[in-house]
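Following: one structure in structure tokens, then a few remarks.
Computation of the quantities below employed the complete heavy-atom set of this structure, encompassing side-chain atoms and omitting hydrogens, waters and symmetry-equivalent molecules. Here is how names work: the chains are called A, B, and so on, in the same order as the sequence lines, proteins then strands, and each is numbered from 1.
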Protein chains: 2
Amino acid sequence: MPPKSRAENRAEQTRAIQVTGRRHLAEVGPAALSLRAIAREVGLVSSAVYRYFPSRDDLLTALIIEAYDELGDAVETADAGVRDRDDLAGRFIAVGNAIRDWARANPHEYALLYGSPVPGYAAPDTTIPSAARISGAFLTLAQLSGQRGDAVPQARPVSAQERQALGGIRQALDVPLDDERTVRWLIAWSTVFGHLSLELFGHMYRGILDYDAHFAQVTGQLTADLGLA
Amino acid sequence: MPPKSRAENRAEQTRAIQVTGRRHLAEVGPAALSLRAIAREVGLVSSAVYRYFPSRDDLLTALIIEAYDELGDAVETADAGVRDRDDLAGRFIAVGNAIRDWARANPHEYALLYGSPVPGYAAPDTTIPSAARISGAFLTLAQLSGQRGDAVPQARPVSAQERQALGGIRQALDVPLDDERTVRWLIAWSTVFGHLSLELFGHMYRGILDYDAHFAQVTGQLTADLGLA
DNA sequence: CACAAATCGAGAGCAGTGCTCTTGTTTTGC
DNA sequence: GCAAAACAAGAGCACTGCTCTCGATTTGTG
């Protein structure tokens with residue numbers, strides 16, 4: 001075995017801490033994540049971990065970015081898997097299903113990303129690019145739908161204040177998007193994550209008996225409301 | 001001052017613990033809520049608190065029920081405040097605004113109710129009646145809309161599995177509700193709480209510049225989608 | 001090559017947490 | 001009046017995040 005350089009060793013240890021941190025996260029959730037427990041498993045004393053992550057929050061930040069990117073990969077892969085690129089309804093449903101599948105497979109990670117923020121933790125700007133991949137997937141489909149001129153069904157007139165409120169999104173887009181459509185897609189965004197949070201956090205318990213069927217019904221309805229179907 | 005009986009004293013202490021617990025909850029959030037800190041402020045030693053609440057989770061349960069009921073009161077008051085009882089769109093918007101106003105005024109309590117569940121905590125059935133008041137407000141409006149025969153716009157055919165999945169809700173209703181309408185209202189439910197969670201947990205930051213305007217636009221659109229407007 | 005500087009792991013320690021158990025006191029109900 | 005129940009206090013356990021110090025090892029440089 002070749003003697004490892006200090007830089008190699010550092011990278012290796014950092015990765016080891018993060019991967020066992022990730023496993024602990026998946027098992028006990030963000031709130032119960034313990035630096036000391038991670039250190040024990042990696043074979044380090046607790047204080048040594050601080051050489052690699054200045055604080056528990058910094059480790060959490062790394063895990064948040066990792067999770068966002070994992071979810072982003074899942075979403076983009078699912079979208080790319082739809083043969084007919086013009087089937088925007090199919091792509092929307094594929095994206096929705098990808099998010100839900102990932103969330104159900106990684107409930108604690110989903111809670112870390114979209115649940116209550118952990119106390120005292122302020123998400124640094126470094127998480128934004130990875131987080132934006134998810135909403136970006138929706139916005140890309142919205143742009144495509146706008147470009148081909150899909151009608152926006154039942155669209156309500158957009159208030160002047162709302163037009164202004166959408167300025168942040170307008171700026172982030174390369175292709176302009178009419179406000180009526182933007183509102184519809186933002187609603188779809190809220191609906192999908194609302195459904196997931198209500199489902200995963202137990203609020204549909206005993207009310208809805210088949211989450212799969214209901215989610216499919218909801219995303220199907222959303223494709224209609226978005227003018228895709 | 002009259003000497004208090006043991007029962008009086010017990011009720012008083014229990015209430016004192018819960019109210020300072022509630023204040024701490026509002027200040028530091030559910031995860032950082034500390035029994036010891038509460039005990040210090042009430043003027044008790046930490047172990048004495050266990051005479052009143054067997055565990056931290058039991059205190060949390062009491063606070064959850066308190067919060068649900070407070071939100072339920074706000075919702076029902078808001079609905080009752082709408083003069084024209086036939087203005088279901090107005091009542092829906094009033095309910096939505098009441099939920100959002102309460103959530104923004106009590107973000108930590110909202111996180112406790114609708115955010116990630118606290119680790120190791122399993123909500124006992126005692127929380128269900130209070131929690132059901134919120135969704136019940138929506139379902140009441142749905143029933144009224146169904147009774148007067150509002151059309152459900154753009155309704156998609158409801159799959160057989162979904163019809164079965166809605167059995168849990170159907171049972172809880174006194175007045176029957178067509179499945180198409182039920183789906184629409186469940187979507188509205190997800191959309192409202194999705195919006196709130198995304199807003200309060202920071203996911204709209206820098207994207208949507210005026211949360212008030214956007215929420216108004218969303219609820220307005222929902223009234224149209226529900227066939228109320 | 002030598003040596004100072006930077007890096008690292010280990011250990012002790014601090015302040016905090018939820019929770020349990022024991023001990024002595026006070027109030028209750030028979 | 002007295003045994004029983006309820007109660008507050010305190011000590012203690014195992015755990016947490018985090019800081020500091022102390023040697024050992026690896027680095028880059030004169």
Side-chain angles (χ1 to χ4, degrees), chain A residues 1-18 20-21 23-25 27-64 108 112 117-122 124, chain B residues 1-18 20-21 23-25 27-64 108 112 117-122 124:
Chain A
M1 48 184 177
K4 301 153 202 162
S5 82
R6 197 150 240 183
E8 283 174 323
N9 206 292
R10 178 169 189 83
E12 203 169 296
Q13 286 281 49
T14 308
R15 234 192 61 239
I17 293 171
Q18 186 162 343
T20 83
R23 208 181 53 253
H24 282 206
L25 169 64
E27 284 166 7
V28 302
L33 193 86
S34 157
L35 266 187
R36 292 180 109 109
I38 296 170
R40 274 193 298 272
E41 195 172 314
V42 177
L44 248 61
V45 85
S46 76
S47 61
V49 178
Y50 288 84
R51 300 248 175 227
Y52 301 91
F53 293 93
S55 79
R56 185 178 173 277
D57 282 3
D58 290 275
L59 175 57
L60 271 182
T61 298
L63 292 174
I64 286 174
H108 283 131
L112 177 62
V118 316
Y121 177 83
Chain B
M1 45 185 176
K4 301 155 204 161
S5 80
R6 198 150 238 183
E8 284 175 324
N9 205 292
R10 179 170 185 84
E12 203 170 295
Q13 286 280 49
T14 308
R15 234 192 61 236
I17 293 172
Q18 186 162 343
T20 81
R23 209 182 50 254
H24 282 206
L25 169 63
E27 283 166 7
V28 302
L33 194 87
S34 157
L35 265 189
R36 291 179 109 108
I38 296 170
R40 274 193 298 273
E41 194 173 314
V42 177
L44 246 59
V45 85
S46 76
S47 61
V49 179
Y50 288 84
R51 300 248 171 224
Y52 301 92
F53 293 93
S55 80
R56 185 177 174 278
D57 282 2
D58 289 275
L59 175 57
L60 272 182
T61 298
L63 292 174
I64 286 175
H108 282 132
L112 177 61
V118 316
Y121 177 82

query = Can you find an N or O donor on one side and an acceptor on the other, under 3.5 Å apart, linking the side chain of B:S46 with the base of C:dG18?
reply = no

5'-most contact on DNA chain C (nearest-nucleotide basis), A:L44 vs B:L35, goes to A:L44

B:Y50 OH to D:dA9 P, in whole Å, measures 15 Å

D:dA5 phosphate, OP1 or OP2: any side-chain N/O from B:R10 under 4.0 angstrom?
-> no

Taken to the nearest whole Å, CD/B:E8 to P/D:dA6 is 18 Å

Worksheet item: Considering only heavy atoms from C-beta outward, does the side chain of B:V42 approach that of B:V49 to under 4.5 Å?
Response: no

Query raised in the report: If you look at every strand shown and take non-hydrogen atoms under 4.0 Å, does A:L33 touch a base, only sugar-phosphate, or nothing?
Result: sugar-phosphate

query: Side chains of B:L59 and B:I38: does their closest heavy-atom pair fall under 4.5 Å?
result: yes

- Query: Would you say B:F53 and B:Q18 make side-chain contact, with heavy atoms under 4.5 Å?
  - Reply: yes

Rounded to whole Å, CZ of A:R40 lies from C1' of C:dG11 at a distance of 15 Å

query = Does a side chain donor of either B:D58 or B:S55 reach within less than 3.5 Å of an acceptor in the other side chain?
reply = yes

- Task: Decide yes or no, distance alone: a donor-acceptor N/O pair under 3.5 angstrom between the base of C:dG9 and the side-chain of A:R51.
- Result: yes

inquiry  = Check the phosphate of D:dT26 against A:S5, side-chain N and O only, distance under 4.0 Å to OP1 or OP2. Yes or no?
reply    = no

Between CG of B:N9 and C1' of D:dA6 the distance, given in whole Å, is 11 Å

Quick note, B:V45 side chain, CB onward, closest among D:dG10, C:dG11, C:dC19 is D:dG10

When rounded to whole Å, the CG to P distance for the pair A:D57 and D:dT16 reads 17 Å

Between CD1 of B:I38 and P of C:dT17 the distance, given in whole Å, is 10 Å

Per atom distances to the A:Y52 side chain, the nearest of D:dG17, C:dG9, C:dG18 is C:dG9

*asked:* Would the base of D:dT27 count as contacting A:R6 through its side chain, where contact means a donor and an acceptor less than 3.5 Å apart?
replied: no

Picking from D:dT16, D:dT25, C:dC19, the nucleotide nearest the side-chain atoms of B:S55 would be C:dC19

Quiz item: Quick one: is B:Q13 getting a side-chain N or O under 4.0 Å of the D:dA8 phosphate, OP1 or OP2?
Solution: yes

Practice task
Tell me whether the OP1 or OP2 atom of D:dC15 has a side-chain N or O from A:R36 closer than 4.0 Å.
Solution key: no

*Under 3.5 Å: donor-acceptor pair, side chain of A:R51, backbone of A:R10*: no

Does B:S47 place a side-chain N or O at less than 4.0 Å from the phosphate oxygens OP1/OP2 of D:dG10? no

In whole angstroms, the gap separating P of C:dC8 from CD of A:E12 amounts to 13 Å

A side-chain contact here means heavy atoms from C-beta on lying under 4.5 Å apart; do A:L35 and A:I17 qualify? no

In whole angstroms, the gap separating P of C:dG16 from NE2 of B:H24 amounts to 14 Å

